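Comments concern the structure below.
Numbers for residues simply follow the sequence, beginning at 1. Predicted, not measured: the structure shown is a model, and the values here were computed from it.
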Amino acid sequence: MKDLKELIRPNIRALKPYSSARDEYNGAEASVFLDANENPYNAPNNRYPDPMQRELKNLLAPIKKVKPENIFLGNGSDEAIDLVYRAFCCPGADNVVAIDPTYGMYQVCAEVNDVEYRKVLLDENFQLSADKLLAATDEHTKLVFICSPNNPTGNSFCRAEIEKLLTSFQGLVIVDEAYSDFSDAPSFLSDLDAYPNLIVLQTFSKAWGCAAIRLGMAFASKEIIEVFSKIKYPYNVNLLTQKEATAMLRRHYEVDRWVKSLMEERSRLIDEFMALPCCEKIYPTDANFFLTKVTDAKAIYDYLVSRGIIVRNRTTVALCRDCLRITVGTRPENDALLDALRNYVG
Ligand code: PMP
């Protein structure tokens, strides 16, 4: 890996960050707060939240088996995706490389930040090749995006290929593990010390059942986390989110129960879906959704909408012609889908 200083945009390296009132006061005992121009009435919502989310990070660290200094928390993992561009990619000069198809926000953020986005097509089994990704890089490539399990294909990638990328690429490798709780493949979190160029993304939006509170996590070296903290909005995770997440972490055993039952329901749904006349193929999945090739994705999508059932039509996505992406719901929700499709006349 190149020296991190070389990877950071020069203006970000030189930036003197905004120092908020609550940054400067470092948590010593105090009872009178006249520092932040807040309203003294309407507690607790009158006070700015902890800009560094210390309590939350201290609870999360042992669960994820990392140190608090290796954690960045943001407004969904979408915030972390945007921050990696803003921290490392010079608009109009640098580029990033990503697998194709994958999660759409990597490209949207590239375009917002005026950064060239280079796509490398997966093979027909939706597997990636580290060599092909490396071949697409040049001296201006700052980031490579991998999503494992991948959205929308659902599969995890071969670990050795990702390791090859981490060892050979001179920039940063982002491994988005939004769906890893639904997979038996081990997370890359335990490899943070081995790979200084690794950034792992996870989220409270999927297995944790908290999409509404908007809380995403990035895990990386202390030096990379410091760059994120320097450029984020001062109070990027609001108090209500911090409180709700803290409560959720205290009952994290519930997440294991949800994941177990969703994985059981996933295999039942797939078995029954495969028997439908409109189903041509179901791709292997490690996520809480599956990708299926159907007889006519647009017609089936429209038919399901008319029955009040919404799935995701992925037919225009690379390698996904006539494919629908279907999230695993509760048993009654999945039965409603199956019943509707049994009555579909193509
Ligand atoms: N990464 C992937 C692969 C996703 O599919 C999603 C959301 N669908 C996200 C990140 C964004 O998640 P968040 O809700 O944490 O912003």
Please step through side chain to side chain contact (heavy atoms under 4.5 Å, CB included) for the pair Asp176 and Thr102, ending with a clear verdict. CA-CA 10 Å; Asp176 187 339; Thr102 193; over 6 Å; no
List the steps, then state whether side chain to side chain contact (heavy atoms under 4.5 Å, CB included) holds for Asn197 with Gln170. CA-CA 8 Å; Asn197 58 342; Gln170 294 300 300; over 6 Å; no
Give the intermediate values and the outcome of side chain to side chain contact (heavy atoms under 4.5 Å, CB included) for residues Leu269 and Phe290. CA-CA 10 Å; Leu269 175 59; Phe290 63 90; 3.6 Å; yes
Verify side-chain hydrogen bond (donor to acceptor under 3.5 Å, both in side chains) between Asn113 and Asp82, making sure each step is shown before the conclusion. CA-CA 8 Å; Asn113 287 287; Asp82 187 49; 3.1 Å; yes
Using the side chain to side chain contact (heavy atoms under 4.5 Å, CB included) rule, take Val175 and Phe157 through it: C-alpha gap first, then chi angles, then the decisive distance, then the call. CA-CA 10 Å; Val175 180; Phe157 293 113; over 6 Å; no
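Without hydrogens or angle criteria, Asp123 side chain to Gln127 main chain gives a donor-acceptor distance under 3.5 Å. At distances below 3.5 Å, at least one donor-acceptor pair connects side-chain atoms of Thr330 with backbone N or O atoms of Glu333. The closest donor-acceptor contact from the side chain of Asn155 to the backbone of Thr285 lies at 3.5 Å or more, if one exists at all. Distance alone, capped at 3.5 Å, places no donor-acceptor pair between the Thr292 side chain and the Leu324 backbone. Side-chain atoms of Arg266 come within 3.5 Å of backbone atoms of Ala287 as a donor-acceptor pair (strictly under, hydrogens ignored). Using modelled atom types, one side-chain atom of Asn343 and one backbone atom of Asp339 make a donor-acceptor pair closer than 3.5 Å. Between the side chain of Tyr85 and the backbone N or O of Val96 there is no donor-acceptor pair closer than 3.5 Å. Remark: the backbone N or O of Tyr48 is paired with a side-chain donor or acceptor of Glu38 at under 3.5 angstrom. Although no hydrogens or angles enter the test, the distance criterion places no donor-acceptor pair under 3.5 Å between the side chain of Asn42 and the main chain of Asn45. Checking side-chain atoms of Asn334 against main-chain N and O of Gly329 turns up a donor-acceptor pair under 3.5 Å.
Between Leu73 and Lys57 there is a side-chain heavy-atom pair separated by less than 4.5 Å. Proximity of Tyr253 to Arg251: side-chain heavy atoms (C-beta onward) are separated by under 4.5 Å at one or more points. No side-chain heavy atom of Phe88 sits less than 4.5 Å from a side-chain heavy atom of Asp94. The shortest distance between side-chain heavy atoms of Glu69 and Ile225 does not fall below 4.5 Å. Taking the side chain as every heavy atom from C-beta outward, Ser205 and Arg214 approach each other to under 4.5 Å. Looking only at side-chain heavy atoms (C-beta outward), Thr295 and Ile300 come within less than 4.5 Å of each other. Side-chain atoms of Leu341 and Cys278, non-hydrogen and from C-beta on, do get closer than 4.5 Å to each other. Looking at heavy atoms from C-beta onward, Leu165 lies out of side-chain contact with Leu128 at the 4.5 angstrom threshold.
Heavy-atom neighbours of Lys2 NZ from other residues, nucleotides or ligands within 6.0 Å: above the threshold of 12. Taking a 6.0 Å sphere around CG of Asp184, one finds it holds 12 or fewer heavy atoms contributed by other residues, nucleotides or ligands.
Checked by atom type, the side-chain pair Asp131/Ser129 shows no donor-acceptor distance below 3.5 Å. No side-chain donor from either of Asp302 and Asn313 sits under 3.5 Å from a side-chain acceptor of the other. Between the side chains of Asn236 and Glu79, at least one donor N or O lies within less than 3.5 Å of an accepting N or O. When only modelled atom types and interatomic distance are considered, Arg325 and Asn151 share a side-chain donor-acceptor pair under 3.5 Å.
Between Glu264 and Arg268 there is no salt bridge, since no side-chain nitrogen of the basic residue lies less than 4.0 Å from a carboxylate oxygen of the acidic one. Under a 4.0 Å N-O distance rule, the pair Asp256/Lys260 does not qualify as a salt bridge. The pair Glu55-Arg250 meets the salt-bridge criterion, with a side-chain N (NZ, NE, NH1 or NH2) lying under 4.0 Å from an Asp/Glu carboxylate O. Using a cutoff of 4.0 Å between basic side-chain nitrogens and carboxylate oxygens, Lys164 and Glu161 are not scored as salt-bridged. Electrostatic pairing of Lys222 and Glu226 counts as a salt bridge here, judged by a charged N lying under 4.0 Å from a carboxylate O.
Cluster annotation: Phe72 and Val84 are assigned to the same hydrophobic cluster (Ile/Leu/Val/Met/Phe/Trp/Tyr, side-chain heavy-atom contacts under 4.5 Å, transitive). Under a hydrophobic-cluster definition in which Ile, Leu, Val, Met, Phe, Trp and Tyr are linked whenever side-chain heavy atoms come within less than 4.5 Å, directly or via other members, Leu56 and Ile213 are assigned to the same cluster. Each of Val317 and Tyr301 belongs to its own hydrophobic cluster when Ile, Leu, Val, Met, Phe, Trp and Tyr are linked at side-chain heavy-atom distances under 4.5 angstrom. By the criterion of side-chain heavy atoms lying less than 4.5 angstrom apart, applied directly or through intervening Ile, Leu, Val, Met, Phe, Trp or Tyr residues, Val144 is not grouped with Tyr103; the two fall into different hydrophobic clusters. At a threshold of 4.5 Å between side-chain heavy atoms, the hydrophobic network of Ile, Leu, Val, Met, Phe, Trp and Tyr places Val115 and Val227 in one connected group.
A pairwise comparison of heavy atoms in Ala218 and Phe228 identifies CB-CE1, 4.1 Å as the closest pair. When every heavy atom of Arg159 is checked against every heavy atom of Pro186, the shortest pair comes out as NH1-O, 3.0 Å. The heavy-atom pair separating Cys89 from Leu143 by the smallest distance is SG-CD1, 3.8 Å. The shortest heavy-atom contact between Lys64 and Gln202 is NZ-OE1, 2.7 Å.
Applying the side chain to side chain contact (heavy atoms under 4.5 Å, CB included) criterion to Pro51, with sequence neighbours excluded, gives Ser20, Arg22, Asp23, Lys232, Tyr235.
Classification of the Tyr106-Phe145 ring pair by plane angle, with boundaries at 30° and 60°, yields parallel.
Ring to ring, Phe188 and Tyr195 are not that close: their centroids are 6.0 angstrom or more apart.
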